[in-house]
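Within every chain, numbering begins at 1; the chains are lettered A, B, ... in the order of the sequence lines, protein sequences first and strands thereafter. Keep in mind it's a predicted model, so treat the numbers as computed, not measured.
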There are 2 protein chains.
Amino acid sequence: MVRITKGPEERRQEIVTTARRLFESEGYEKVTMQRIVEEVGIAKGTVFYYFESKEELLKAVVEDIIEQDYTRKQALVAATGGNGLDKIRTIMQLDSMALKYPKILESLHEISNASMHTQLLAVMVNNEAHLYETLISQGCDEGIFQTDHPLECAEFMIAAMQFLTDTGIYPWDESDLMRRVKAFPSLVEAILKAKPGSFQFMVQGRDWDIK
Amino acid sequence: MVRITKGPEERRQEIVTTARRLFESEGYEKVTMQRIVEEVGIAKGTVFYYFESKEELLKAVVEDIIEQDYTRKQALVAATGGNGLDKIRTIMQLDSMALKYPKILESLHEISNASMHTQLLAVMVNNEAHLYETLISQGCDEGIFQTDHPLECAEFMIAAMQFLTDTGIYPWDESDLMRRVKAFPSLVEAILKAKPGSFQFMVQGRDWDIK
DNA sequence: GTCTATACAGAGATAGAC
DNA sequence: GTCTATCTCTGTATAGAC
């Protein structure tokens, strides 16, 4: 058989990218190592040369997703002007966009995806919380928010909102989703002691109202 | 070989109980069907007669856990007097007890357990939220809380608190856990617009302060 | 250092006898 | 309703070619 040698970083990234695509579209448990190596066009042993196990590969994929997402958001925040609320609005709206598109297949409620989703969620909470913390602190300085625990506020809100709306984690009813998203603004405003209506943007421009 | 026939419900429950014990102590993914049937003392085919797949068996186990937990809490609430806050305190303290003991083995942070934990968490949120909703509404009537969304408040708080403190879901640092739990009272008070200090009991009588 | 090819124990699942 | 026997295919390990 033809032997193709590539630089180690290139090959590694190739595996991660392919695995990510397959995991995202068909679920971690359903995708076999066999399938991955066929798609990449390498031998089975090669994957195990780069990653000790399937779980290690999953970790790498999760890091890949998080890193990409985080970088994009941080750049966006840096490029955005305005007060803390304006900046939070910017990244929150980015989230709602990102949530819609690539989840079509995922939302086939598979328990099989749970390991991947949970890990993703946990790492995301860790990362995003620090981003939000900065913006919440800024808002406190500007007098539009008020809290003694900006980081914990951020973690609390992100964890709850992600968990309660991600249909990849659990097949929530559509009516449950609507109900929850409609309540989010007042909940967030209560936590941050923000002016009523500040977070109303969270339910606007969405299909929640129409359905 | 000896052939033992039992009533279908008895046998089913026997399988669920054994599977639950093994899943809880060693993790869902690590426990094989082979292991389960050996422990129960039946043939492999029998399990597949009762449950279509290993995942179906997991569902049954999760329901078993939730049901037991929910029944106990509901009875406790019914037996407790006082206002909404008193009752919430009662079940919240029950939680912290339940969390401590049977998790010793689980807290070996295994990705393998994620599917089970996530499912458990989601079903628990669904169930407990309704319990808390009643108590929050009662508190609103009594003038000690204030919210337009008692159910969504409940879901939000339960999801966030469980997710951020369950080391079976993700191996959080101990310092993260302490930090978060210490912030919970003021976050919950903000959401429910309760009197400052109302939920201070959440951090008392715990080991958080000592460590 | 990179990679292929192949081997293998053990997993979840199934068919059909009892 | 329960058993045994058996199937397929998985994740993983490894020997050795380039």
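The existence of a salt bridge linking Glu38(A) and Arg35(A) is excluded, since no basic side-chain nitrogen approaches an acidic carboxylate oxygen closer than 4.0 Å. Under the 4.0 Å criterion applied to side-chain N and carboxylate O atoms, Glu63(A) and Lys59(A) are not assigned as salt-bridge partners.
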Pick out the pairs of N or O atoms, protein on one side and nucleotides 11-15 of chain D on the other, that lie under 3.5 Å.
from    : atom 1 : to       : atom 2 : distance (Å)
dG11(D) : OP1    : Lys54(A) : NZ     : 3.0
dG11(D) : OP2    : Met33(A) : N      : 2.8
dG11(D) : N7     : Lys44(A) : NZ     : 3.1
dT12(D) : OP2    : Lys54(A) : N      : 2.9
dT12(D) : O4     : Lys44(A) : NZ     : 3.1

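Remark: C1' of dC18(D) and CD1 of Ile42(A) are 16 Å apart, rounded to the nearest angstrom. Rounding to whole angstrom units, CD1 of residue Ile36(B) and C1' of dA11(C) are separated by 12 Å. The distance from atom CZ of Arg35(B) to atom P of dA9(C) is 21 Å, rounded to the nearest whole Å. Atom-to-atom, CG of Leu57(A) to C1' of dT10(D) comes out at 15 Å; the value is rounded to the nearest Å. Atom pair Arg12(A):CZ and dG1(C):P shows a separation of 17 Å (rounding to whole Å applied). Summarising the geometry, the separation between CD on Glu38(A) and P on dT4(C) is reported as 13 Å, rounded to the nearest angstrom. Atom pair Lys30(A):NZ and dC9(D):P shows a separation of 16 Å (rounding to whole Å applied).
Terminal axes of the helix from dG1(C)-dC18(D) to dC18(C)-dG1(D) (five pairs each, C1' rotation axis) are separated by 10°, to the nearest 10°.
For Tyr50(A) and Phe48(A), the distance between ring centers is not under 6.0 angstrom.
Between the side chains of Gln13(A) and Glu9(A), no donor-acceptor pair of N or O atoms lies under 3.5 Å. For the residue pair Lys87(B) and Gln138(B), a side-chain donor N or O sits within less than 3.5 Å of a side-chain acceptor on the partner.
Phosphate proximity of dT2(C) to Arg11(A): absent, as no side-chain N or O sits under 4.0 Å from OP1 or OP2. Neither OP1 nor OP2 of dA13(C) sits under 4.0 Å from any side-chain N or O of Tyr49(B).
Under the side chain to side chain donor-acceptor pair (under 3.5 Å) rule, Glu152(B) has a single partner from Arg180(A), Arg179(A), Lys182(A), which is Arg179(A).
Here the side chain of Gln162(A) pairs no donor or acceptor atom with the backbone of Val125(A) at under 3.5 angstrom. For Ser25(B) (side chain) and Arg21(B) (main-chain N/O), a donor-acceptor pair under 3.5 Å exists by modelled atom type.
Ring planes of Phe156(A) and Phe156(B): tilted class, angle from 30 to 60°.
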